[in-house]
There are 2 protein chains.
Amino acid sequence: MSDSYDGQAGHFRVLVEHFSAFVSLSILETKLLAELAEAPRYHPPYRDLYVAGTAPPPSRMIVAGWACQYRLLPDGHRQIVSLKLPGDLVWPLLPVRLPSSCAVAALTELETVSALPLVEASVAADPAHPGLAHAVRVMAHLHDMLLYDQIVRLGRQTACGRFAHLMLELRERLSRVGLVDGDSFAMPLTQDVLADVLGFSVVHVNRTVQQLRRDGLLEIRNGTVTLSKPDDLQELAGWMPPSGGPAGPRPPKRPGRKD
Amino acid sequence: MSDSYDGQAGHFRVLVEHFSAFVSLSILETKLLAELAEAPRYHPPYRDLYVAGTAPPPSRMIVAGWACQYRLLPDGHRQIVSLKLPGDLVWPLLPVRLPSSCAVAALTELETVSALPLVEASVAADPAHPGLAHAVRVMAHLHDMLLYDQIVRLGRQTACGRFAHLMLELRERLSRVGLVDGDSFAMPLTQDVLADVLGFSVVHVNRTVQQLRRDGLLEIRNGTVTLSKPDDLQELAGWMPPSGGPAGPRPPKRPGRKD
DNA sequence: CGCGGTGTTGACAACAGTCAATTACTGTGG
DNA sequence: CCACAGTAATTGACTGTTGTCAACACCGCG
């Protein structure tokens, strides 16, 4: 596993850190997370965790490794809809069972724990676990925000902007579970996978990385990303701080619309 | 208003048809919808209905007209994240109040009714309105599916494929509320708006429409779309029937973007 | 040492954005 | 009835971006 792997203690740490990023947990709630962390399940890399329509969606939370939610097109192309990081729910939707053409696959060796008690506490607004219940709702909401980000990246950003924006998103999300060290973090993705996330060809992913490297904006070595000039990257990516509002005063009016 | 406008009776019809597409309604539930339809609110075209962070998100359902959920970029570009049609919730997320950089704007003259009782019934799993409660959850789920579709369109489809896919999605959604007549439906969108949905420039939208027209696949006149060859469009768009599974046997794996 | 997966590069062609101009289409007022 | 203005649609010329193809380099592994 990646450097985040240090057994069940590490799994517990991921859970606590992720939830604490949104709410403060009671002793009781912390205890529940500890219990969940005691029964991790292993998933081999590159294998599907779930294919929509084949079974009820799994209520599991990732505690180590990366996964992705993707769709295959009739022409054989793949589009990755979202990346799943430690602390994320494997299947982010509330337990409505509906067919859909999405699947979830492990991108690395993966470990998950049951999130059933968490999801149930959330839909029932369980008063015994108010923090967990709320946090799960916030996470579902956040997942939708990430989809919006993904749509904006694919629809309206330049190659470098797309890449930069994704790296900033990953740093943001990984920092919530304590997997960012300064301006560096581990990113176990091949350029092939990045292409399917960003809607590029592999070659163009490579070109884009070279460009960003040449400009001294970031460095990628040995599966570790270093954001050398985070501020310039934010500028390039049109990054908006996760808390909402625009990053700064918006330039008057471009070739664009409204005003 | 568009041809869908025939007053409160029409609003009631839209609500009933949309819900009936997912569940069967009890008398009590039908009555609730009728009450809601009695108090429509009017929104002028091109005006924002909601800007994230400014207030709690509105629990309203569209009964006539079209709207869109969009984001503005620092460079002035706009990306429309999703289109909102009659029967859709203006703000599709469960009532977790979180800042986000999305806004919702009317694209035409618009009428909405309160959806607060519906959303509340859904989160509380109100036993008095089981159908409504479930249908709202399904709609939220469907909204996520639409986001996945949008991501796949933007990430992996050709210009014509994107356009065709969007038209098929619109037909699908409009048919649930009885706004499709054979292979035609009203689409009150300028090419400018379509560009912001599809991630194109206006000029390229036009080129794409011309192409599809030349190929005899569809026709657009007076704000009315006619899908002349629905089957060919589905082929072109890599369309998967809304119920899930792939449209047909997947060719092994084509390296090419298309033939 | 060969092998498969991954990263890298260059050449070329197809695709898509920008600019700029022209053509409908509408509703207005004369 | 027509002139007019304003919006939307359309077209052509040109440029920049991105995909495809085809090598080659690098690396861990058997």
Strand-adjacent residues in residues 203-216 of chain A, judged by heavy atoms under 4.0 Å from DNA chain C: A/Val203, A/Asn206, A/Arg207, A/Gln210, A/Arg213
Backbone of A/Gln157 reached by a side-chain donor or acceptor of A/Arg162 within 3.5 Å: yes
Pairs meeting criterion ring pair (Phe, Tyr, Trp, His ring centres under 6.0 Å) with involvement of residues 180-211 of chain A, two or more places apart: A/Phe200-A/His204
Pairs meeting criterion salt bridge (Lys or Arg N to Asp or Glu O under 4.0 Å) with involvement of residues 221-238 of chain A, two or more places apart: A/Glu219-A/Arg221
The helix from C/dC1-D/dG30 to C/dG30-D/dC1: angle between end helix axes, five pairs per end, rounded to 10 degrees: 20°
A/Tyr148 backbone acceptor or donor facing B/Arg71 side chain under 3.5 Å: no
Could you list, one pair per line, each protein nitrogen or oxygen that sits under 3.5 Å from a nitrogen or oxygen of nucleotides 23-28 of chain C, together with the distance?
none

Sugar-phosphate, base or nothing in reach of B/Gly199, heavy atoms under 4.0 Å: sugar-phosphate
A/Ile220 vs A/Arg213, side-chain contact (heavy atoms from CB on, under 4.5 Å): CA-CA, chis, key distance, verdict: CA-CA 8 Å; A/Ile220 302 184; A/Arg213 235 205 282 273; 4.2 Å; yes
salt_bridge(A/Arg173, A/Asp88) N-O dist < 4.0 Å: yes
Distance test, side-chain N/O of A/Gln191 to OP1/OP2 of C/dT8, below 4.0 Å: yes
Ring pair (Phe, Tyr, Trp, His ring centres under 6.0 Å) pairs, two or more places apart, involving residues 150-174 of chain A: A/His165-A/Trp239
